[in-house]
Amino acid sequence: MARNIGSRYTAHQILGRGSAGTVWLGEGPEGPVAIKLLREDLASDQELVGRFVQERTALLALDHPKVVGVRDLVVDGNDLALVMDLVRGTDLRTRLDRERRLAPEAAVAIIADVAEGLAAAHAAGIVHRDVKPENILLDMEGPLGPAGSHPALLTDFGVAKLIDTPRRTKATRIIGTPDYLAPEIVEGLPPRAAVDIYALATVLYELLAGFTPFGGGHPGAVLRRHVTETVVPLPGIPDELWQLVVQCLAKAPASRLRASELASRLHELLPLLAGMPPLDVDEPDGEPAPESYEDPAPATHGEPRRRGAVPLVPGAAPADSNRDTHTSMRVPAPDELAGGARGTARAPRTPGQRRPGSARHKSDAVRKRRITLGVAALAVAAAVGVGGWLATSDDGGDAPPRDSKQSSPAEP
């Protein structure tokens, strides 16, 4: 059912739903557009509406080929909407769900595109704050790049900042998607441009491995890993690429590359990655979270809390990943962050290796223990036998030759 958005736009068809609102396929004076209509409870927040209007100039001025352009911001009664360019393609999460992981050349080409878009945003003083596969769109009508990759564009600028208003979230809570949150956000520091670099490096790791470096399990455990653990090397990728990933996942924001530097370095690596197949690794197991962490806040108005994010393209179904979007959580206390295991993060498993804790893994462990106990028992029995033989020899009897047979007692 069509509905008017302001006086200039008409929304015709729902493309998807997310934690912040609903995305519609719409029509405007210049043709088809994507309209992100924010939730009613957000639209009724006058402070948020004021921030929304303040962000309008900056968002409209962000014009770059690797960024989904914001054409207009509409405030009309109960409607609060971002009108954006319509990208005909799919989002990166959909491609990951289909292929699980990408060839290194294709992964690096996509991340290089996004890094270029971030460089333009950061130069304009805009921090995205929610970089993840759901917010990276692949333009199926654009020219093919390295490894047949479609041009990648970053979308949803400003949404995380709009939702994270002082009245809606306290200083003791954080807003974001746990798998991609930089450690400084987890520790309660204000988000700067470096948080986008950390998140983008996390996406690159995910494209290569098929899973995020610190994800898995309860969101609280994920947050702790970001602060306390170091990333585990991925087998099979060139050292130059791995060192780039490690630098951009540095715990200290100042140690990470700037977006423009990252884009340049990634482009330089593309010839080295030509023809490389996707990596062959399996996802490690997660770990249970401490009970002291709070669960993400439930959705408002009795609606079920949605997972994943919203595609802004026709034909792409709403994502249903295991990564909460715009999760509101309590900032963990220092003792909670320090309570986890320090060292490296969950190590990827080689294909075919059994998962720790699985039934087959446990049976293998039991079998190994039985073999060990059996060997130990034989060793004890042999030692007892040798000890008895030595005791007989010490009593004055002659030890029989090693190659002689024991004779039977003489008959009377």
Side-chain angles (χ1 to χ4, degrees), residues 92 96 101-102 104 107-119 122 127-133 135-136 154 174 176-189 191-217 219 221-269 273 279 281 283-284 286-287 323 332 337 340-348:
L92 187 55
L96 267 178
R101 62 179 65 91
L102 306 185
V108 166
I110 289 172
I111 299 303
D113 281 352
V114 179
E116 291 179 6
L118 279 177
H122 294 169
V127 179
H128 190 285
R129 295 183 54 174
D130 200 23
V131 176
K132 57 188 175 184
N135 287 335
I136 298 173
L154 188 58
I174 53 180
T177 308
D179 279 31
Y180 309 91
L181 280 177
E184 60 266 30
I185 295 182
V186 179
E187 294 177 319
L189 299 177
R192 308 294 185 194
V195 305
D196 289 343
I197 301 302
Y198 185 93
L200 187 57
T202 301
V203 176
L204 175 55
Y205 185 105
E206 184 177 14
L207 296 183
L208 295 169
F211 51 89
T212 55
F214 302 112
V222 177
L223 299 184
R224 174 165 52 78
R225 292 190 197 108
H226 282 299
V227 176
T228 63
E229 297 184 354
T230 56
V231 64
V232 175
L234 286 174
I237 65 173
D239 185 64
E240 296 89 338
L241 176 57
W242 178 246
Q243 292 305 321
L244 197 61
V245 173
V246 170
Q247 184 174 1
C248 292
L249 288 176
K251 304 302 181 187
S255 298
R256 300 170 203 152
L257 295 173
R258 293 193 295 268
S260 58
E261 296 171 331
L262 176 58
S264 177
R265 295 273 297 276
L266 289 173
H267 281 299
E268 292 173 359
L269 286 175
L273 306 173
L279 302 185
V281 294
E283 182 173 2
E287 66 176 69
R323 295 162 181 83
L337 291 175
R342 292 179 177 271
T344 56
R346 308 168 304 146

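Leu223 contributes atom CG, which lies 11.0 Å from atom CD of Glu187 (distance to the nearest 0.5 angstrom). Note: Leu102 CG to Ile111 CD1 = 9.0 Å, rounded to the nearest 0.5 Å. One finds the CG atom of Asn135 at 13.0 Å from the CZ atom of Arg129 (value rounded to the nearest 0.5 Å). Here CG of Leu269 is found 10.0 Å from CD1 of Ile237. Values are rounded to the nearest 0.5 Å. Interatomic distance, Leu200 CG to Leu154 CG, rounded to the nearest 0.5 Å: 8.5 Å.
The shortest distance between side-chain heavy atoms of Leu241 and Leu208 falls below 4.5 Å. Contact check for Leu257 versus Leu244: side-chain heavy atoms found under the 4.5 Å cut-off. The side-chain heavy atoms of Pro133 and Glu206, taken from C-beta on, include a pair separated by under 4.5 Å.
Residues satisfying the side-chain hydrogen bond (donor to acceptor under 3.5 Å, both in side chains) criterion with Arg258, sequence neighbours excluded, are Glu261. Take Ser264 and apply the side-chain contact (heavy atoms from CB on, under 4.5 Å) test, not counting sequence neighbours, and it matches Glu268. In this structure, the side-chain contact (heavy atoms from CB on, under 4.5 Å) partners of Ala259, at least two apart in sequence or on a different chain, are Leu118, Ala119, His122, Ile197. Considering only residues two or more places apart in sequence or on other chains, Ala201 meets the side-chain contact (heavy atoms from CB on, under 4.5 Å) condition with Cys248, Leu249. For Asp113, the salt bridge (charged side-chain N to carboxylate O under 4.0 Å, His left out) partners at least two apart in sequence or on another chain are Lys66.
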Note to self: Between Glu116 and Val114, is the side chain to side chain contact (heavy atoms under 4.5 Å, CB included) condition met? List the steps.
What the structure shows: CA-CA 5 Å; Glu116 291 179 6; Val114 179; over 6 Å; no
Next item on the list: Could you check Leu262 against Arg256 for side chain to side chain contact (heavy atoms under 4.5 Å, CB included), going step by step and ending with a plain yes or no?
Entry: CA-CA 9 Å; Leu262 176 58; Arg256 300 170 203 152; over 6 Å; no
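When all heavy atoms are compared, the tightest approach of Ala199 to Tyr180 is CB-O, 3.5 Å. The shortest heavy-atom contact between Ala107 and Leu207 is CB-CB, 3.7 Å. Shown here for Pro213 and Val231, the closest heavy-atom pair between the two residues is CB-CG2, 3.8 Å. Closest heavy-atom contact between Gly217 and Val222: O-CG2, 4.3 Å. Across Asp179 and Thr202, no two heavy atoms sit closer than the pair O-CG2, 3.5 Å. Scanning both residues, Ala250 and Tyr198, for their nearest heavy atoms gives O-CD1, 4.1 Å.
Identified under the side-chain hydrogen bond (donor to acceptor under 3.5 Å, both in side chains) test for residues 242-253, with sequence neighbours left out: Asp239-Gln243.
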